[in-house]
Amino acid sequence: ERFEEAAAALAAAPVSEAADAAWPEVFSALLCRGRYREAFGLGDAMLERSARTPLANSFLWPWWHRVSSRGSDKKMKFCARELARLEDSGAARDFPAWSAYCRGVLLLGLGRDAQALAEHARILRLRAPRYALMHHPFVMHLLLAGRFERTIALCRTLLAGAPDYWWFRCRMAEAIMARGDVPGGLREFARAAAAASGERARRAVTTWHGAALLWAGRYRAALRTLDEGAAIGTKIWVNCWRGAARLKLGDSRGALTDLDAAIEADPEDLEAYQWRGEAHRLAGRHARALLDLDRALALDPKYAWAYVNRALARGALGDEKGFAADYARVPPDLLAAARGPKGKRALLEAALSRAKGVRRPERYLDALWMRRPRG
């Protein structure tokens with residue numbers, strides 16, 4: 001009842017930044033209670049009256065966390081249960097857009113991609129600026145699957161109706177880079193940065209642009225851009241990526257300062273643990289490196305780069321059994337793309353070198369270095 005009262009108050013409140021910031025939390029709380037009709041009514045009211053669109057999937061938290069979590073058994077049960085609750089709610093009749101959106105997200109969680117994309121096709125027919133937020137998970141689905149041409153085409157379609165929507169431009173830039181056109185992708189990041197309005201957008205795009213420069217191996221430019229992001233108040237990921245740029249530039253002490261700050265701010269930042277583990281390993285602190293790499297793999301047992309670094313750290317400590325076990329967990333395509341000298345250790349080191357600043361757990365960015373990108 002408290003959330004329903006809050007939803008009614010928000011829908012009736014004057015347009016304000018405070019109301020825009022508050023409604024996603026209430027929306028998600030209603031979803032968590034299975035109150036789909038109330039949530040969708042609030043969503044429609046807020047999108048109708050506000051020019052500001054919530055970023056990414058923030059308006060679904062914590063409901064979205066259950067869909068996107070890495071624990072597959074729990075996720076599958078959650079998605080199946082929520083699909084049934086959504087259908088029982090009868091919300092599809094009065095709120096077809098929101099219903100198609102949530103059904104699509106849940107179907108993606110269940111691995112029923114064709115059905116999910118059919119739900120997305122319904123959303124594509126809607127007015128883009130108002131419902132732009134509903135396209136986020138489908139853009140990410142295509143990108144994570146390595147379907148770069150389709151990602152680019154979808155983002156271009158969405159940007160035609162909402163040209164200032166920087167999130168789509170940045171995802172399109174990633175796809176352009178992963179497809180092999182690094183300069184073209186970086187130009188799109190620069191365009192997104194130039195067009196970003198508002199502090200939140202500027203912080204996010206500047207940091208993202210810095211990360212893209214890191215992935216491309218342009219470490220000094222990445223450091224300058226990430227310093228700019230930190231100066232304007234970015235809190236999320238900036239320390240991790242700035243630490244990575246410093247490490248690549250040979251500043252081990254500065255790198256560890258940034259990576260410590262990243263982990264202090266977010267104790268579940270698995271990429272920061274990976275980079276800090278790599279920094280300790282390169283400095284010869286192999287036992288210390290294992291602590292961070294173990295933590296990264298506890299957070300994501302499929303994290304390829306953490307296995308690469310942990311194998312090398314274990315080998316340096318004389319743990320040949322551990323080295324062999326971790327080497328076996330490194331994806332074969334990553335090792336094949338390294339094309340390094342003979343020998344397992346040399347091959348792992350060659351992969352780290354060729355990948356430049358790419359250490360994301362999501363494998364789609366590995367296409368950046370695996371396909372010999374231009375520029």
Side-chain angles (χ1 to χ4, degrees), residues 68-73 75 108-109 111 113 140-151 171 174-175 177-180 182 185 211-212 214-217 240-241 244 247-248 268-279 281-282 286 289-290 292-316 319-373:
S68 63
S69 64
R70 295 183 175 90
S72 59
D73 289 342
K75 180 171 74 173
L108 285 177
D113 295 355
M140 281 307 304
H141 170 71
L142 293 172
L143 191 57
L144 289 167
R147 299 165 75 176
F148 302 129
E149 296 298 339
R150 285 198 62 183
T151 302
R171 288 300 182 191
E174 285 190 339
M177 291 178 71
R179 184 185 60 179
V182 169
L214 170 69
W215 304 330
C240 173
W241 291 327
L247 181 63
K248 285 293 189 177
E268 294 194 359
D269 186 343
L270 72 166
E271 189 178 354
Y273 283 111
Q274 196 292 142
W275 277 112
R276 196 169 72 174
E278 186 167 331
R281 182 186 66 78
L282 289 171
H286 302 293
L290 289 180
D292 283 330
L293 298 166
D294 286 348
R295 178 60 176 154
L297 288 165
L299 290 166
D300 183 357
K302 296 181 179 180
Y303 193 177
W305 292 112
Y307 281 115
V308 171
N309 268 300
R310 196 172 72 172
L312 289 168
R314 284 176 160 177
D319 180 6
E320 293 302 320
K321 185 176 181 180
F323 172 87
D326 280 346
Y327 186 88
R329 296 295 300 272
V330 178
D333 63 330
L334 189 152
L335 293 171
R339 292 190 291 275
K342 292 183 179 180
K344 292 181 177 179
R345 287 175 177 79
L347 198 58
L348 294 174
E349 289 169 352
L352 289 167
S353 176
R354 282 184 54 81
K356 299 178 180 176
V358 175
R359 297 293 187 274
R360 294 294 298 157
E362 301 90 355
R363 291 293 316 280
Y364 71 92
L365 281 175
D366 288 331
L368 255 169
W369 62 277
M370 285 182 171
R371 60 174 63 222
R372 295 181 179 273

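Every heavy atom of this structure was used, including side-chain atoms; hydrogens, water molecules and symmetry mates were not.
- Taken from CG in L348 to CZ in R310, the straight-line distance is 13.0 Å, to the nearest 0.5 Å.
- For the residue pair A296 and Y303, the shortest heavy atom distance occurs at CB-CD1, 4.1 Å.
- If you take OH on Y327 and CZ on R314, they are separated by 16.0 Å, rounding to the nearest 0.5 Å.
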> side-chain contact (heavy atoms from CB on, under 4.5 Å) between R295 and E268: does it pass, once the steps are laid out?
Replying inline: CA-CA 9 Å; R295 178 60 176 154; E268 294 194 359; 4.2 Å; yes
> Between F148 and L143, does a side-chain contact (heavy atoms from CB on, under 4.5 Å) hold up when you go through it step by step?
Replying inline: CA-CA 6 Å; F148 302 129; L143 191 57; 3.9 Å; yes
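- Taken from CG in N309 to CG in D292, the straight-line distance is 10.5 Å, to the nearest 0.5 Å.
- Of the possible polar contacts, one joining the K248 side chain to the K356 backbone as a donor-acceptor pair under 3.5 Å is found.
- Rounding to the nearest 0.5 Å gives a distance of 9.0 Å between CZ of R329 and NZ of K302.
- Here the side chain of R354 pairs a donor or acceptor atom with the backbone of A337 at under 3.5 angstrom.
- Remark: side-chain polar atoms of R147 are not paired, donor with acceptor, to backbone N or O of H141 under 3.5 angstrom.
- When all heavy atoms of A289 and G277 are compared, the closest pair comes out as CB-O, 3.2 Å.
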> Yes or no on side-chain contact (heavy atoms from CB on, under 4.5 Å) for Y273 and D300, after CA distance, side-chain angles and deciding distance?
Replying inline: CA-CA 11 Å; Y273 283 111; D300 183 357; over 6 Å; no
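- For W275, there are no ring-ring contact (aromatic ring centres under 6.0 Å, His included) partners, not counting sequence neighbours.
- For Y307 (side chain) and A328 (main-chain N/O), no donor-acceptor pair under 3.5 Å exists by modelled atom type.
- Cation-pi contact between R345 and F323: present, with separation from the ring centre below 6.0 Å and deviation from the ring axis of at most 45°.
- Here the straight-line distance linking atom CZ of R281 with atom CG of L290 works out to 10.5 Å at 0.5 Å rounding.
- Side chain of R363 to main chain of R360: no donor-acceptor pair is present (N/O by atom type, distance under 3.5 Å, no hydrogens or angles).
- Taking the side chain as every heavy atom from C-beta outward, L334 and M370 approach each other to under 4.5 Å.
- Remark: W215 pairs with no residue by the ring-ring contact (aromatic ring centres under 6.0 Å, His included) rule, at least two apart or across chains.
- The CG atom of L352 lies 4.5 Å from the CZ atom of R359; values are rounded to the nearest 0.5 Å.
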